[in-house]
2 protein chains.
Amino acid sequence: MINLKALKEQALQNPEVKAEYDRLAPEFELANTLITMRQQAGLTQDELAKRLHTQKSNISRLERGDSNPGWKTLQRYAKACGFELSVQAQRHKTAV
Amino acid sequence: MINLKALKEQALQNPEVKAEYDRLAPEFELANTLITMRQQAGLTQDELAKRLHTQKSNISRLERGDSNPGWKTLQRYAKACGFELSVQAQRHKTAV
DNA sequence: CCTAAAGTTATCACTTATGATAACCTGAAT
DNA sequence: ATTCAGGTTATCATAAGTGATAACTTTAGG
């Protein structure tokens, strides 16, 4: 099992990628994960779309980060890229 | 930052909890995470619902696991429980 | 410049999630 | 047996995600 995080950090060695990454707010963490997974799979939006029996425009919409995709949608996306998703919960600063 | 995973494993020391947990398919991992977060926050469904300006029936629906909640919905839920969510991607068995 | 691949945006129809209300079930305590 | 807190289920209206098609922009190569 290779962690996506490791792959991402490797990609961040690239200054260009790093700059792009830093610019993105945590709001886009999910979108970044999606894009990274697809790129790691070596797929274009169109190819991924075909695997998911949908259209490249819909893939683009997911990766733009301006929507609120369902959990199962994300899982399908990940699986088509050769990944599996899980949620991780960490305590927030403000406890009860 | 205390990891939810640690808390969960602690809870799984309890044989009762463990048995219940093993019975649940990965399909319900998300639902388990939601319920665990709420319980760690010491909240009832009704109390959590009030924090999210919604109704306890809607909380129940999320925790039943038979729907496909949006990512931002999950984040709001987690935050109201004092947690923050992140996605984790791991390589699936079947690569490209 | 021209072309093609890759990605984006706009739009529509359809499906589904969410907000909301109410009734119901369960277990615990008295 | 009653009561009550906690959770579930049913249902409806509304908001939003998704499937689908088409046109557009951008980039890379020739």
Side-chain angles (χ1 to χ4, degrees), chain A residues 11 14-17 19-21 23-25 27-83 85 87 96, chain B residues 11 14 16-17 19-21 23-25 27-82 85 87 96:
Chain A
N14 183 335
E16 259 180 86
V17 178
E20 176 71 5
Y21 185 81
R23 193 177 58 78
L24 298 172
E27 175 185 352
F28 297 111
E29 274 182 13
L30 177 61
N32 286 333
T33 300
L34 294 180
I35 295 172
T36 303
M37 284 192 296
R38 179 171 60 80
Q39 291 177 343
Q40 287 294 331
L43 296 171
T44 66
Q45 288 184 345
D46 196 44
E47 291 167 337
L48 177 55
K50 282 182 175 56
R51 289 195 182 188
L52 291 167
H53 305 101
T54 183
Q55 287 68 39
K56 64 175 183 175
S57 58
N58 299 325
I59 301 297
S60 175
R61 184 167 49 192
L62 285 177
E63 294 181 356
R64 297 309 297 166
D66 52 358
S67 72
N68 183 28
W71 177 243
K72 290 175 184 172
T73 303
L74 299 174
Q75 283 182 316
R76 283 192 295 269
Y77 180 108
K79 195 158 194 173
C81 291
F83 290 88
L85 287 186
V87 281
V96 186
Chain B
N14 184 334
E16 261 180 83
V17 178
E20 176 71 4
Y21 185 79
R23 192 176 58 77
L24 298 171
E27 176 184 352
F28 296 110
E29 275 182 11
L30 177 62
N32 285 334
T33 301
L34 294 179
I35 295 173
T36 303
M37 285 192 294
R38 180 171 59 81
Q39 290 176 344
Q40 287 293 332
L43 296 172
T44 66
Q45 289 184 343
D46 196 44
E47 290 167 338
L48 177 55
K50 283 183 174 56
R51 289 194 182 189
L52 291 167
H53 306 101
T54 183
Q55 288 69 39
K56 64 174 183 174
S57 59
N58 299 326
I59 301 297
S60 174
R61 184 167 49 192
L62 285 177
E63 294 182 357
R64 295 311 295 163
D66 51 359
S67 71
N68 184 27
W71 176 244
K72 290 176 184 171
T73 304
L74 298 174
Q75 284 182 315
R76 284 192 296 268
Y77 180 108
K79 194 158 194 173
C81 290
L85 286 187
V87 281
V96 185

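Throughout, protein chains are lettered first and strands after them, A, B, ... in sequence-line order, and every chain is numbered starting at 1. Just so it is clear, the model here is predicted, and its values are computed rather than measured.
In this structure, CG on B/Leu43 lies 11.5 Å from NZ on B/Lys50, to the nearest 0.5 angstrom. Separating the CD atom in B/Gln55 from the CZ atom in B/Arg61 is a distance of 9.5 Å, to the nearest 0.5 Å. Between the CZ atom of B/Phe28 and the CD1 atom of B/Ile35 there is a distance of 10.0 Å, given to the nearest 0.5 Å. Here the CD-CD distance, from A/Gln45 to A/Glu47, works out to 11.0 Å after rounding to the nearest 0.5 Å. Here the OG1-CD distance, from B/Thr36 to B/Glu63, works out to 9.5 Å after rounding to the nearest 0.5 Å. Atoms CG and SG, from A/Leu48 and A/Cys81 in turn, are 4.5 Å apart once rounded to the nearest 0.5 Å.
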Give the intermediate values and the outcome of side-chain contact (heavy atoms from CB on, under 4.5 Å) for residues A/Ile59 and A/Leu52. CA-CA 9 Å; A/Ile59 301 297; A/Leu52 291 167; 3.9 Å; yes
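Two residues are said to be in side-chain contact when any heavy atoms from C-beta on lie closer than 4.5 Å; B/Tyr77 and B/Leu85 fail this criterion. Side-chain atoms of A/Gln75 and A/Lys79, non-hydrogen and from C-beta on, never get closer than 4.5 Å to each other. Side chains of A/Thr33 and A/Leu74 form no contact here, defined as non-hydrogen atoms less than 4.5 Å apart. Two residues are said to be in side-chain contact when any heavy atoms from C-beta on lie closer than 4.5 Å; A/Phe83 and A/Leu34 fail this criterion.
Along DNA chain C, the nucleotide closest to B/Leu74 and the one closest to B/Ser57 are compared, and the more 5′ of them pairs with B/Leu74. Of the two residues contacting DNA chain D, namely A/Ser67 and A/His53, the nearest-nucleotide position lying further toward the 5' end is that of A/Ser67.
Distance NZ (A/Lys56) to P (D/dT25): 14 Å, rounded to an integer number of Å. Atom NZ of B/Lys50 and atom P of D/dA5 are 11 Å apart (whole Å). Separating the CG atom of A/Asp66 from the C1' atom of D/dG17 is a distance of 12 Å, rounded to the nearest angstrom. D/dG7 atom P lies 9 Å from atom CG of B/Asp46, rounded to whole Å. Computed from coordinates, the A/Gln45 CD to D/dT26 C1' distance equals 13 Å when rounded to whole Å. Separating the CD atom of A/Gln55 from the C1' atom of D/dA20 is a distance of 5 Å, rounded to the nearest angstrom. A straight line from CZ of B/Arg38 to C1' of D/dG7 spans 8 Å, rounded to a whole angstrom. Between the CG atom of B/Leu48 and the P atom of D/dA5 there is a distance of 18 Å, given to the nearest Å.
Fit an axis to the five pairs at each end of the helix from C/dC1-D/dG30 to C/dT30-D/dA1 and the two axes sit 40° apart, to the nearest 10 degrees.
The residue B/Leu62 sits close only to the backbone: its heavy atoms come under 4.0 Å of sugar-phosphate atoms, none of a base. Counting non-hydrogen atoms under 4.0 angstrom, B/Ser60 reaches a base of the nucleic acid.
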Under 4.0 Å protein heavy-atom contacts per nucleotide of nucleotides 11-16 of chain D, with B for base, S for backbone only and - for none: B-----
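Nucleotides of DNA chain C lying under 4.0 Å from heavy atoms of chain B occupy a range whose first and last members, 5' to 3', are C/dA17 to C/dA22.
Here the closest heavy-atom approach between residue B/Ala31 and residue B/Gly65 is recorded as CB-CA, 4.0 Å.
Under 4.0 angstrom from either OP1 or OP2 of D/dT18 there lies at least one side-chain N or O belonging to A/Thr73.
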